[in-house]
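What follows is one structure encoded as structure tokens, with my remarks underneath.
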Amino acid sequence: MVWDAWGVPAGHQPLSERIRTLLTQVFGVSGTPVARRDESDVPLRESALTPARRAGLVEVVGTGNVSADHRDRLRHAGGKSTPDLLRRRAEGPQEAPDAVVFPADHDQVLAVLGYCVEHAVAVVPFGGGTSVVGGVDPVRGRFDAIIALDLRRLDRVTDLDPTSGTATLGAGLTGPRAEELLGAHGLSLGHFPQSFEFATIGGFAATRSSGQASAGYGRFDDMVQRLKVATPSGTLELGRAPASAAGPDLRELFVGSEGTLGVITEVTLRVHPVPETVAYQSWSFPDFETGAAALRSVVQAGAAPTVLRLSDEAETGINLARSGDIGDSSVAGCLAVTTYEGSAAHVAARSAEAGAVLAAAGGTPLGEEPAQEWEHGRFAAPYLRDALLDVGVLCETLETATTWSNLAALKAKVTAALTDALGRQGTPALVMCHISHTYPTGASLYFTVVAKQLDDPLDQWLAAKRAAGDAIVAAGGTITHHHAVGTDHRPWLPEEVGDLGVRVLRAVKAELDPAGILNPGKLVP
């Protein structure tokens, strides 16, 4: 990916004249993009890794697999949140790892960790670099030197069991490459988060990722059958059956551990045949409350589609749910999109069952087109975010989840917190929301915030983020549903798990990583 924005250059498109006019009317910005720096002009903090330590790492992973090049260091300088990009575009030296190390397999990962313990070097496990919560930022903590441990060479399917419906994948496989390799055998994982094009299998596991088809295939943690993990204290291989009563499930220590307890090197996952048929249906609801109740009804009836999403009035009105663009929507009220995957018979039966429930709950069918438009543009929203940043408009997202009975209250309180926090700084804000993932007992809420950038947009957003985080915790929501904790959500974790829960995490960390080299400053308070 490019160093100062999301994705690859081919995905970046200039804002249309219509959008720039709208931004001028609403936020008073000119709509003219600022010039970006060339990456060769970006100063980095001087590498603190001595030649001797670099040579020692080369002995572990081989010549050509340890890099202190400017380009490699810059591309491992953090994730892709709006704060990450604002820091990266700022003047002055950039924080970056002192070197990037590319191990070839589990044994080399284990050896790198052993070397770094011996020589007091911090390690940031690095997959696709798509974190939006500071999860791969090079936080040094008490260490003088820090490396990024890039797992891209762990990129193979090492085992396939079509009878059981499982596949064992290297942690460095990207989403598209995993689908390509599985597709050659007529199989699919079906995990499509917005980061799908760049994120990795290990990253999905380490952050408890949730894909856009979670209503049909479950979250990534639901798919995990076995894990292989390298830790400074040794190797763990966890999971040997579809279910077990052999004590607490230790896989749960590492799914969501964000590289702080160990490095996931291999994941065995549930897979399924490539769907024979895909069908689309879109719905309009008069308001968000009616739409949310309809989604609850279809999920609790056991008739959920593969994809089930609902945008509120604000998001529907500016067309974000349909194309990742900003513009007038032809849909009134609140737009819901559904897709159905499977055999022709299954798709026909499920779409008829779910459709009947949604219609009975107040939905008006809109046909296939809005759902197809959403799918066509579903990975494009981060590119729009970057184009808005370029013209002086702040754009960022956050997410949470709660029970159905608390959903409306949580949405109202977070919306008010964001609106008030940005309004106190003297700029109006547009706060949009959609339900992105559903469960029998509740759902997630995904917020998108747009406002004019002030003189210090980083402080502007951080103040709004603090207000939103406080509102989420006070209203009984989880501080994160699928973005993970990283550095950004770490201040609220004690309120989520309690003081005893924090002590448990610290105790596990002390046992697995007694020297504290793994991803300092993340997750564990």
Side-chain angles (χ1 to χ4, degrees), residues 15 18-19 22-23 25-27 82 132 193-194 210 212 214-215 280-295 307-339 358 362-364 366 369-385 387-388 393-402 407-408 410-419 422 428-438 443-451 464 468 471-472 477 481-483:
L15 297 174
R18 177 177 56 83
I19 294 174
L22 181 63
L23 295 175
Q25 293 171 345
V26 176
F27 298 115
T82 292
V132 292
Q194 197 166 71
S210 192
Q212 294 168 344
S214 66
Y280 304 87
Q281 182 59 270
S282 312
W283 298 82
S284 173
F285 292 92
D287 52 58
F288 189 77
E289 182 178 2
T290 302
L295 267 59
V307 173
L308 181 60
R309 297 166 65 90
L310 173 73
S311 294
D312 71 1
E313 293 88 343
E315 187 172 283
T316 299
I318 66 165
N319 213 8
L320 263 186
R322 295 181 61 180
S323 62
D325 199 353
I326 291 179
D328 297 329
S329 173
S330 59
V331 178
C334 294
L335 173 67
V337 297
T338 64
T339 71
L358 294 172
T364 301
L366 300 176
E369 185 178 356
Q372 291 173 332
E373 285 185 0
W374 166 80
E375 184 176 84
H376 177 72
R378 62 178 168 169
F379 302 131
Y383 290 108
L384 174 61
R385 182 271 311 261
L388 292 173
V393 175
L394 183 72
C395 182
E396 184 58 305
T397 63
L398 57 90
E399 34 71 70
T400 181
T402 191
L407 197 72
L410 178 62
K411 180 179 184 293
K413 290 174 182 177
V414 175
T415 300
L418 289 165
T419 303
L422 291 164
L430 176 61
V431 180
M432 298 163 280
C433 183
H434 65 259
I435 293 175
S436 56
H437 306 276
T438 53
S444 69
L445 293 171
Y446 192 99
F447 294 88
T448 301
V449 185
V450 181
I472 287 170
H481 171 262
H482 59 268
H483 282 172

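- The backbone N or O of His437 lies less than 3.5 Å from a partner atom in the side chain of Ser444, making a donor-acceptor pair.
- The two atoms that bring Cys334 and Ser311 nearest to each other are CB-O, 3.1 Å, heavy atoms only.
- Leu398 has its side chain within reach of Val414: a pair of non-hydrogen atoms, C-beta onward, lies under 4.5 Å apart.
- Contact annotation: the side chain of Ile435 approaches that of Leu407 to within less than 4.5 Å [non-hydrogen atoms, C-beta and beyond].
- Rounded to the nearest 0.5 angstrom, Cys433 SG and Leu410 CG are separated by 8.5 Å.
- Residue Glu289 places its CD atom among 12 or fewer non-hydrogen atoms of other residues, nucleotides or ligands, all under 6.0 Å distant.
- A side-chain donor-acceptor contact under 3.5 Å links Ser282 to the backbone of Ala371.
- A donor-acceptor contact shorter than 3.5 Å links the side chain of Glu399 to the backbone of His481.
- Of all heavy-atom pairs between Ala464 and Leu418, the closest is O-CD2, 3.7 Å.
- A donor-acceptor pair is defined here as one N or O able to donate and one able to accept, closer than 3.5 Å; no such pair exists between the side chain of Asp312 and the backbone of Phe288.
- Leu295 CG to Phe285 CZ: the interatomic distance, rounded to the nearest 0.5 Å, is 6.5 Å.
- The backbone N or O of Leu445 sits nowhere less than 3.5 Å from a side-chain atom of Thr400 that would complete a donor-acceptor pair.
- Separating the CZ atom in Arg385 from the CG atom in Leu394 is a distance of 10.0 Å, to the nearest 0.5 Å.
- At distances below 3.5 Å, at least one donor-acceptor pair connects side-chain atoms of Thr82 with backbone N or O atoms of Cys395.
- Between Pro286 and Gly362, the shortest heavy-atom contact is CD-O, 3.8 Å.
- Looking at Ile318 and Leu22, their side chains never come closer than 4.5 Å, going by heavy atoms from C-beta outward.
- Just one residue in the list Glu375, Gln372, Glu373 forms a side chain to side chain donor-acceptor pair (under 3.5 Å) with Tyr280, and that residue is Glu375.
- Leu23 has its side chain within reach of Leu15: a pair of non-hydrogen atoms, C-beta onward, lies under 4.5 Å apart.
- In this structure, Leu310 CG and Glu315 CD are separated by 9.0 Å, a value rounded to the nearest 0.5 Å.
- Between Arg309 and Ser436, the shortest heavy-atom contact is NH1-CB, 3.9 Å.
- Between Leu430 atom CG and Thr419 atom OG1 the span is 8.5 Å, to the nearest 0.5 Å.
- Between atom NE2 of residue His482 and atom OG of residue Ser214 there is a gap of 9.0 Å, rounded to the nearest 0.5 Å.
- The aromatic rings of His483 and Tyr446 sit perpendicular to each other, their planes meeting at more than 60°, with 30° as the lower class boundary.
- With a 4.5 Å cut-off on side-chain heavy atoms, Trp374 and Leu335 do not count as touching.
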